[in-house]
**Q** 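This is the structure, below, for whatever I ask next.
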Amino acid sequence: MQSLLQSFNPALSINSGQVFLWEKHGDLWYGIHGDRIVRFGKDDAGFQSFPELKSCEQKMFRLDDDIKAIVADISRDALVRRLVKAYPGLRLMRQEPEQCIFSFVCASNTNIPMIRRMLSAMARRFGRPVKVNGIEFFTFPSARSINKATIDELCACGLGYRAKAVKAVAEGVISGRLDFGALKNASYEEAKKELLQIYGVGNKIADCVLLFSLEKLEAFPIDIWIARALAGHYRWLHEKQFGDKLTAHQYDLLSEGARKHFGRYAGYAQQYLYYHMRQGAGKKW
DNA sequence: GTACAGGCAGTAT
DNA sequence: ATACTGCCTGTA
């Protein structure tokens, strides 16, 4: 178990587009995890959360997963088998549902530096300041505090037209219409259907939330990069050839095909494919 | 200037 | 049902 934590490299997870609010100061990585700041370093530095929370790293880094069994399962695919070996520090992380859904609603039609900018601005404005090692951080704002903000205030965080969607998510959480506890217990299909009801949440964002925060490891989010990977390496999944843009039908077809092919841990496989596609592909950060 | 970036909802077929 | 289009904002 401990060796897994030691082999974790936050930079890989950030570049795999699953978390956005991690930054490196000196030799240490700091991350915003909901209402807490977490700190991660190699060896002696270990892991710490502020305020302290027992077993926080087990949860965050999914040390409760049977990673051996998962890797064995997804390694039935030859490409994934190769990538698992190539990127040993890459891990799927377990996020807090609220931070996760707000993050990915902001992620639509933009890029990682912009997402980071938006989320940081929201935290600075609506989060709580916390000093760790003399560095000031801001916790991720609660749905309640986001809901109290006006559309204009959210726009001032650089959200643009996404402000309306962020507000809709906050209202969903406050009203109880969006119940993450219930979604965790529901099946993948049921939970996805519920998420798709929320304004601003489509196929891709729903799958991200399901995979990263609602324990649906079969979820297989398909963005432009995964679509390219599927077109390049898994052409047989396609009914016919198509370009970069994904229609709803194509998304469903590919997503279901991928879940069938990669199995119940398809989401893990997706992380490796995504990271691989971004390698040397003109990253802008 | 303009193309583009990790989608979405609204509208037209 | 399926395809097309506009959209905030920042960068190359």
Side-chain angles (χ1 to χ4, degrees), chain A residues 11-22 90 92-93 95 99-122 125 149-172 178 192-213 219-232 238-256 258 267 269-285:
Chain A
L12 301 193
S13 289
I14 292 167
N15 289 347
S16 74
Q18 46 172 319
V19 290
F20 303 102
L21 294 177
W22 281 74
L90 178 58
L92 184 66
M93 292 172 71
Q95 302 184 31
Q99 179 171 348
C100 187
I101 194 167
F102 284 121
S103 298
F104 284 98
V105 163
C106 290
S108 89
N109 195 26
T110 187
N111 49 46
I112 290 177
M114 280 300 298
I115 300 164
R116 291 168 60 88
R117 187 193 305 257
M118 292 179 216
L119 298 179
S120 302
M122 282 171 65
R125 253 177 131 91
T150 65
I151 296 283
D152 281 348
E153 284 174 312
L154 292 170
C155 272
C157 299
L159 270 63
Y161 61 85
R162 301 170 193 82
K164 205 172 132 194
V166 164
K167 188 89 176 172
V169 169
E171 279 163 6
L178 194 50
K192 181 157 181 180
K193 212 171 101 188
E194 285 301 312
L195 286 173
L196 291 176
Q197 303 302 308
I198 305 296
Y199 178 87
V201 178
N203 253 326
K204 190 264 179 180
I205 290 174
D207 277 329
C208 286
V209 175
L210 290 165
L211 174 62
F212 299 134
S213 71
F220 190 88
I222 303 174
D223 56 33
I224 189 72
W225 293 97
I226 291 295
R228 286 171 190 162
L230 296 179
H238 302 62
E239 266 173 350
K240 54 183 179 186
Q241 205 169 348
F242 56 81
D244 274 357
K245 286 205 164 64
L246 272 185
T247 67
H249 175 65
Q250 286 162 349
Y251 191 102
D252 288 339
L253 177 79
L254 290 175
S255 185
E256 199 185 327
Q270 191 266 11
Q271 285 300 286
Y272 288 100
L273 289 171
Y274 181 85
Y275 185 83
H276 180 61
M277 292 305 289
R278 294 311 307 257
Q279 285 296 104
K283 293 180 297 187
K284 289 176 184 150
W285 65 86

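These figures come from a predicted structure and were not determined experimentally. So that the names make sense, note that chain A is the first sequence line, chain B the second, and so on, each numbered from 1. Below, all heavy atoms of this structure are taken into account, side chains as well, without hydrogens, waters or symmetry copies.
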**Q** Return the value, rounded to whole Å, for the distance between atom CG of A:L196 and atom P of B:dG10.
**A** 14 Å
**Q** Going by side-chain contact (heavy atoms from CB on, under 4.5 Å), A:K204 matches just one of A:D223, A:I224, A:I226. Which one?
**A** A:D223
**Q** Quantified in whole Å, what is the P atom distance between nucleotide C:dC8 and nucleotide B:dT11?
**A** 14 Å
**Q** Quick one: A:N203 CG to B:dA9 C1', roughly how many Å, whole number?
**A** 13 Å
**Q** Could you give the NZ-to-C1' distance, from A:K204 to B:dG6, as a whole number of Å?
**A** 5 Å
**Q** The side chain of A:R228 lies closest to which of these nucleotides: B:dG6, C:dC8, B:dA5?
**A** B:dA5
**Q** Would you indicate whether A:Q197, at its atom CD, is surrounded by more than 12 heavy atoms from other residues, nucleotides or ligands within a distance under 6.0 Å?
**A** yes
**Q** What's the closest nucleotide to the side chain of A:N111 if the choices are B:dA5, C:dT2, B:dG7?
**A** B:dA5
**Q** Can a side chain N or O of A:T247 be found less than 4.0 Å away from OP1 or OP2 on C:dT2?
**A** no
**Q** Please give, in whole Å, the distance from B:dG7 C1' to A:R162 CZ?
**A** 9 Å
**Q** Looking at every strand, decide which applies to A:G17 at a 4.0 Å heavy-atom threshold: base, sugar-phosphate, or nothing.
**A** base
**Q** Counting Watson-Crick and G-U wobble pairs only, both distances under 3.5 Å, name the nucleotide matched with B:dG6, or none.
**A** none
**Q** Using ring centroids (six-membered ring only for Trp), state whether A:F220 and A:Y274 fall under 6.0 Å.
**A** no
**Q** So what does A:V201 touch, heavy atoms closer than 4.0 Å: a base, only the sugar-phosphate, or nothing?
**A** sugar-phosphate
**Q** Is the shortest heavy-atom distance from the side chain of A:K164 to the side chain of A:K167 under 4.5 Å?
**A** no
**Q** Looking at C:dT11, I'd like to know if its phosphate oxygens (OP1 or OP2) sit under 4.0 Å from a side-chain N or O belonging to A:R117.
**A** yes
**Q** How far, in whole Å, is B:dG6 from C:dT2 if one measures between their C1' atoms?
**A** 24 Å
**Q** Indicate yes or no for a side-chain donor-acceptor contact from A:Q270 to the backbone of A:P221 under 3.5 Å, with no hydrogens or angles considered.
**A** yes
**Q** What does A:I205 touch in the nucleic acid at a heavy-atom separation under 4.0 angstrom: a base, only the sugar-phosphate, or nothing?
**A** sugar-phosphate
**Q** Under 4.0 angstrom, heavy atoms only, what part of the nucleic acid is A:I198 near: base, sugar-phosphate, or nothing?
**A** sugar-phosphate
**Q** Without decimals, in angstroms, what is the distance between A:D207 CG and B:dC8 C1'?
**A** 14 Å
**Q** Could you give the CD1-to-C1' distance, from A:I115 to C:dG10, as a whole number of Å?
**A** 13 Å
**Q** Rounded off to whole Å, could you give me the CG-to-P distance for the A:D252 and C:dT2 pair?
**A** 9 Å
**Q** Find the distance A:W225:CH2 to B:dA5:C1' and express it as a whole number of Å.
**A** 10 Å
**Q** Taking atom types as they are modelled, is there a donor-acceptor pair under 3.5 Å from the base of C:dG6 to the side chain of A:Y161?
**A** no
**Q** Let's see if you can work this out: which of B:dG6, B:dG7, C:dT9 has an atom nearest to the side-chain heavy atoms of A:M114?
**A** C:dT9
**Q** Could you let me know what C:dC8 is paired to, Watson-Crick or G-U wobble, both distances under 3.5 Å, or none if it's on its own?
**A** none
**Q** Hey, is the side chain of A:R278 poking within less than 4.0 Å of OP1 or OP2 on B:dG6, counting only N and O atoms?
**A** yes
**Q** Do you know which two heavy atoms are closest between A:L196 and A:A206, and how far apart they sit?
**A** CD2-CB, 4.0 Å
**Q** Is there, by distance only and without an angle test, a donor paired with an acceptor across the side chain of A:Y199 and the base of B:dG10 below 3.5 Å?
**A** no
**Q** Nearest to the side chain of A:F104, which nucleotide is it out of C:dC8, B:dC8, B:dG6?
**A** B:dG6
